[in-house]
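Letters go in sequence order (proteins before strands), and every chain restarts at 1.
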Amino acid sequence: MINNKLNSTFFQRDVLEVAPGLIGKKLVRIINGIRSDWIITEVEAYRGEEDLACHASKGRTKRTEVMYHAGGELYIYLIYGMYWMMNIVTGDINDPQAVLIRGVQHISGPGKVSRALKIDSSFNGESVVNSERIWLEKGIRAPEIHCATRIGIDYAGDYWRNVEWRFFM
DNA sequence: TCAATGATTTTG
DNA sequence: AAAATCATTGAT
């Protein structure tokens, strides 16, 4: 066996395939030379300019630029002045999609995920395929995956507010 | 129920 | 230039 890393083929699919596929996957982060593994337990999908909950619904801006890249890069941004959100860009180039990492094993909340993983803006645009400090690997097993509505996006209108694009185990 | 807290986006 | 908007959390 070579390694268990997920490659760009995995990420360059539609976000609604990648997001549930990430549940149970292992997120690996090197901090001060020490490796730590995290099982992804909850994610949300954000897809396209038509998704009013997706930042790309405002169009292509300096902030959303990364979402227009081909899948396999991180999209990092600050929310409420205190929490870094970590997303993984998916899909093809010029198709803005991303998966929010909402929970990992024994940690809850997407703000605390990035805090625990020591994620900051220097990771914006970072490749999760080539990076020496963060990547994804095949996980433990194929757990049962549940769906529900996304959190914290009540502004997005009746339709987008209610699509069940949050996936968890 | 709401304050904290700052980058991004809009003129709400 | 100023105001509003947040993929949140935790403490009142």
I want to check one thing: is the phosphate of B:dT8, taken as OP1 and OP2, less than 4.0 Å away from some side-chain N or O of A:His55?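 No, A:His55 has no side-chain N/O under 4.0 Å of OP1/OP2 on B:dT8.
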
On the nucleotide C:dT8, are OP1 or OP2 found under 4.0 Å from the side-chain N or O atoms that A:Arg102 carries?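 Looking at the OP1 and OP2 atoms of C:dT8, one of them is under 4.0 Å from a side-chain N or O of A:Arg102.
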
Using a 3.5 Å cut-off on both pairing distances, which stems of three or more Watson-Crick or G-U pairs include DNA chain C?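 Stem list for DNA chain C: B:1-4 with C:8-11, B:6-11 with C:1-6.
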
Using whole Å, report how far [atom1] of [X] lies from [atom2] of [N].
X	N	atom1	atom2	answer
A:Tyr77	B:dT9	OH	P	12 Å
A:Ile151	C:dC6	CD1	P	16 Å
A:Met67	B:dT9	CE	C1'	16 Å
A:Met85	B:dT8	CE	C1'	15 Å
A:Ile79	C:dT5	CD1	C1'	8 Å
A:Trp84	B:dT8	CH2	C1'	11 Å
A:Lys58	B:dG12	NZ	P	14 Å
A:Arg115	C:dG10	CZ	C1'	10 Å

Does A:Tyr80 lie flat on the base of B:dG6, that is, centres under 5.5 Å apart and planes under 30° off?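 Aromatic stack with B:dG6 absent for A:Tyr80.
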
Which of these nucleotides, [options], is closest to any side-chain atom of [X]?
X	options	value
A:Asn87	C:dA7, C:dT8, B:dT9	C:dA7
A:Arg63	C:dT8, B:dT9, C:dA7	B:dT9
A:Met82	B:dA4, C:dA7, B:dT8	B:dA4
A:Leu78	C:dT9, B:dA7, C:dA7	B:dA7
A:Lys62	C:dT9, B:dT9, C:dA7	B:dT9

Report yes or no: do A:Glu49 and A:Tyr68 form a side-chain donor-acceptor pair below 3.5 Å?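 Checked: A:Glu49/A:Tyr68 side chains pair up, N/O donor to acceptor below 3.5 Å.
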
Distance-only side-chain donor-acceptor flag, A:Gln97 / A:Thr90, under 3.5 Å: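 Distance-only check passes for A:Gln97 and A:Thr90.
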
For atom P, what is the distance between C:dA2 and B:dT5, given to the nearest Å?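 Between the two P atoms, the distance is 22 Å.
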
Nearest-angstrom distance, P atom, B:dG12 to C:dT5: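 Here B:dG12 and C:dT5 have their P atoms 10 Å from each other.
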
Yes or no on side-chain contact (heavy atoms from CB on, under 4.5 Å) for A:Val99 and A:Phe11, after CA distance, side-chain angles and deciding distance? CA-CA 10 Å; A:Val99 179; A:Phe11 298 105; over 6 Å; no

Assign A:Ile153 to base, sugar-phosphate, or nothing according to its heavy-atom contacts below 4.0 angstrom with the strands shown.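 Sugar-phosphate contact only - A:Ile153 comes under 4.0 Å of backbone atoms but never of a base.
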
Is A:Thr61 touching bases, backbone alone, or none of the nucleic acid, heavy atoms closer than 4.0 Å?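 Counting heavy atoms under 4.0 Å across all strands, the contact made by A:Thr61 is with sugar-phosphate only.
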
What pair of heavy atoms forms the shortest contact from [X] to [Y], and how long is it?
X	Y	result
A:Ser121	A:Trp84	CB-CH2, 3.6 Å
A:Val66	A:Glu73	CG1-OE1, 3.7 Å
A:Ala45	A:Asp51	O-OD2, 4.4 Å

Between atom CG of A:Leu74 and atom OG of A:Ser114, what is the distance when rounded to the nearest 0.5 Å?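 If I round to the nearest 0.5 Å, the distance is 9.0 Å.
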
Could you check if the base of C:dA7 is syn or anti? Syn means the glycosidic torsion is within 90 degrees of 0.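 This nucleotide is in syn.
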
Could you tell me whether A:Tyr155 atom OH has more than 12 heavy atoms of other residues or ligands within 6.0 Å of it?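 Atom OH in A:Tyr155 is packed in, count exceeds 12.
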
